[in-house]
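Right, one structure below, let's go through it.
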Amino acid sequence: MSSSWQIKTIRQIEPAMRLVCLGMLFGLGYIWATLEFGMSHPLPLYSSLDTLISFEFSGHFVYQLQEGMLAHVSESEVGHVFTQREWFFIVGVLISSQVLLAAVMLFCLVIMLNKVYRLYAAVTLFSCGLLIVSPLYLLPNWGVVLPWWELLRLMVALLCTHWAARFLPIAQTNNQALIVYASQTGSAKYLAQRLHDTTHALMDIACISTLTEQTLQRYQRVFFVVSTYGQGEAPDSARRFVNTLQEANSAASHTQFSVLALGDRTYQTFCAFGHYLSELLEKKGYQRAIPTTEIDRMDPQGVAHWWQQVGELLGIHTASELFEYDDYTVVANECLNPGQVHRLAHRVTLFCANARYEAGDLLAVQPEQKDEHERLYSIASYEDNTIELLVRQHIRTDGTIGLASGMLSQLTPGNRISASVREHVTFHPKENVPWIMIAAGTGLAPFISFLKKRQASQDKAPCWLFFGEQYEEHDDYFAQDLLSLQELGVLNRFDRAWSRSDGVYVPNLLQQSRNDIRHWVTEQGANVYVCGSREGFGQSVLMTLQDILPEPQWQSQFHTDLY
């Protein structure tokens, strides 16, 4: 698929070719006119110049002398004398157009890899080839310039480029459609960007946090891709826009909209925010173009069906393959708690040469059954190309093993899987501030990444980790890594709660340290990060933190990744 920078650059190719031709036309016209009509002050010539000839232009021979460039017109007379400054200017224009032409050719070679633009790139390369061999670019070295042929060369190149642009699937005018994303974990943003790329920039794209009513009303159609967070809440990025829309007066609008609501059907508040946004927009006078569509865990078939309807509405062809995955090779797979038969946790190490990510990002794993939904896992590493996961083998109520967790837990070195990094901006750790990290079970994974990031950046801000699991003798995940981070001074405080071994839970530890937590947050500006299961752990931790830090001004320092 095309990235936005490619699309923006492709849009500039035809104007760039016009500039190239304009520069060549200037040089051609200036020299031609000068040689044809520059005989107002002919000078006698007393010596032979045959050995000093520079180039021939339309039957006129131009010679290089110490005094400058001379146009020899007859055996005994010399015509216009080009000054040094005049000639440098002409050559400068020609060299500039040549550099621009080389840049266009290089970019065309790059986009040749994309079959969508291959015809356009090939024709443009042909046009560039016509121009790059022009004898104008040999000046002031020897060249034979035939002006009428050069004019024909320029005209053919421009016509070819213009003809190819007619078949370029990129809008050259202002877009009338907008795709908006409201994302908490990054899935909605990723999907919106993928959908946007398939339109070849026939629509604009924006985060809902940048949206205003005025922006909304500038478009004929607006398509929302939104996730639901928490107990049916709007993602953090959507709250300002929702508040603004709630306070706005209802009025008829020509803008049509449709909402693609992302969610997880296992939650009672499945797609609640998507439905709320849809009803709010309709209440404020916007017109519903396509019914609100619910998507369970990024179901590709559901997304493709909605996107096909969008394509029909806009009169564009939509791609059937919206999700792209990379091949990851399994490097290692270690069971961290073999004594916990019904709650096995695996440390899975994967390698992909193209893997780039930030601490806090997620990995979307495609199960072996391609028609199944992808699964998201927190990344527990901080090194490009290598990704570590902490995977709990999920056992369903009927005793069967979950598709993705079962596949990952049974991998052996050398196996390959399909996966893709998902940017999780709202859970990226802040730099140069203290961190309080609170995790239970496999929710520990992103904090391993956090701490390794802090170690790599040599950031000296203090870090405090709370971690809860069942048994100390079985479930002490990443124990050696965390011990090493403590010895290095990266992890300054580490509190653990073992619910089955000691009967202690994470909220108990938080209450015991309430004064220190309050001091870290209010006095030192610490950011608090919570990761783990929403049911039970997440709900109790949030209630405890609200009790410790009730003031709303500290909410901007809280970040959650609850599932």
Side-chain angles (χ1 to χ4, degrees), residues 1-6 110 113-114 181 183-194 196-197 297-298 300 321-334 336 345-368 370 372-392 403-405 407-429 431 442-457 459 477-478 481 485 529 531 561 563:
M1 292 297 174
S2 307
S3 59
S4 58
W5 73 267
Q6 281 184 319
V110 173
L113 300 175
N114 191 323
Y181 59 86
S183 187
Q184 187 70 24
T185 64
S187 294
K189 178 182 179 181
Y190 168 81
L191 179 56
Q193 289 175 332
R194 295 291 304 151
H196 173 256
D197 287 346
R297 291 174 293 175
M298 294 284 278
E321 293 295 331
L322 295 173
F323 298 91
E324 284 188 345
Y325 297 95
D326 296 315
D327 285 334
Y328 283 76
T329 302
V330 179
V331 176
N333 184 357
E334 177 189 4
L336 301 181
H346 287 253
R347 181 177 185 172
V348 182
T349 306
L350 306 169
F351 175 83
C352 176
N354 300 321
R356 300 290 183 274
Y357 59 93
E358 291 289 331
D361 284 346
L362 306 168
L363 188 72
V365 176
Q366 175 64 49
E368 292 175 331
K370 300 303 181 183
E372 285 293 329
H373 311 153
E374 65 183 26
R375 304 295 194 273
L376 295 177
Y377 293 90
S378 296
I379 296 175
S381 53
Y382 188 70
E383 182 181 356
D384 285 344
N385 305 330
T386 299
I387 285 182
E388 288 192 346
L389 305 177
L390 180 56
V391 179
R392 172 89 64 207
L403 289 175
S405 65
M407 176 190 73
L408 290 170
S409 62
Q410 295 171 17
L411 292 171
T412 58
N415 289 161
R416 301 172 72 87
I417 66 168
S418 297
S420 175
V421 170
R422 295 284 189 271
E423 188 179 29
H424 193 183
V425 177
T426 58
F427 208 66
H428 284 175
E431 297 180 354
T442 56
L444 175 67
F447 300 135
I448 302 298
S449 179
F450 278 31
L451 292 167
K452 290 183 177 179
K453 171 185 173 68
R454 181 141 285 184
Q455 178 188 4
S457 63
D459 189 338
Y477 312 139
F478 288 88
D481 298 72
L485 289 164
Y529 300 85
C531 185
D561 182 13
Y563 43 86

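Since the model is a prediction, treat every value here as computed from it, not as a measurement.
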Can you give me the closest heavy-atom contact between [X] and [Y], atom names plus distance?
X	Y	value
Asp361	Glu358	OD2-N, 2.8 Å
Pro367	Ala404	CG-CB, 4.3 Å
Val391	Thr442	C-CG2, 4.3 Å
Ala419	Tyr328	O-CE1, 3.4 Å
Ser405	Tyr377	N-OH, 3.4 Å
Ser409	His346	O-CE1, 3.3 Å

Taking [X] for its side chain and [Y] for its backbone only, find out whether a donor-acceptor pair lies under 3.5 Å.
X	Y	answer
Asn333	Leu408	yes
Ser449	Ala380	no
Asn415	Thr412	yes
Asp327	Ser418	no

Results of ring pair (Phe, Tyr, Trp, His ring centres under 6.0 Å) for Tyr190 - residues two or more places apart only
none
Side-chain heavy-atom pair [X], [Y] within 4.5 angstrom cut-off:
X	Y	answer
Gln366	Phe323	no
Leu451	Asp481	no
Pro429	Lys453	yes
Arg347	Phe478	yes
His196	Tyr181	no
Ser378	Leu362	yes
Leu376	Thr185	yes
Ile417	Met407	yes

Please check if any side-chain donor atom of [X] sits under 3.5 Å from a side-chain acceptor atom of [Y], or the reverse.
X	Y	result
Asn385	Arg356	yes
Gln455	Tyr382	no
Ser420	Arg422	yes

Please determine whether a side-chain nitrogen of the Lys or Arg among Lys452 and Glu383 lies less than 4.0 Å from a carboxylate oxygen of the Asp or Glu.
no
Separation between [atom1] of [X] and [atom2] of [Y], rounded to the nearest 0.5 Å:
X	Y	atom1	atom2	value
Tyr477	Arg392	OH	CZ	3.5 Å
Arg416	Thr329	CZ	OG1	4.0 Å
Leu350	Leu363	CG	CG	6.5 Å
Ser187	His424	OG	NE2	8.5 Å

Step by step, work out the side chain to side chain contact (heavy atoms under 4.5 Å, CB included) result for Ile387 and Val421.
CA-CA 10 Å; Ile387 285 182; Val421 170; 4.0 Å; yes
Please state whether the rings of Phe450 and Phe427 are parallel, tilted or perpendicular, taking 30° and 60° as the class boundaries.
tilted
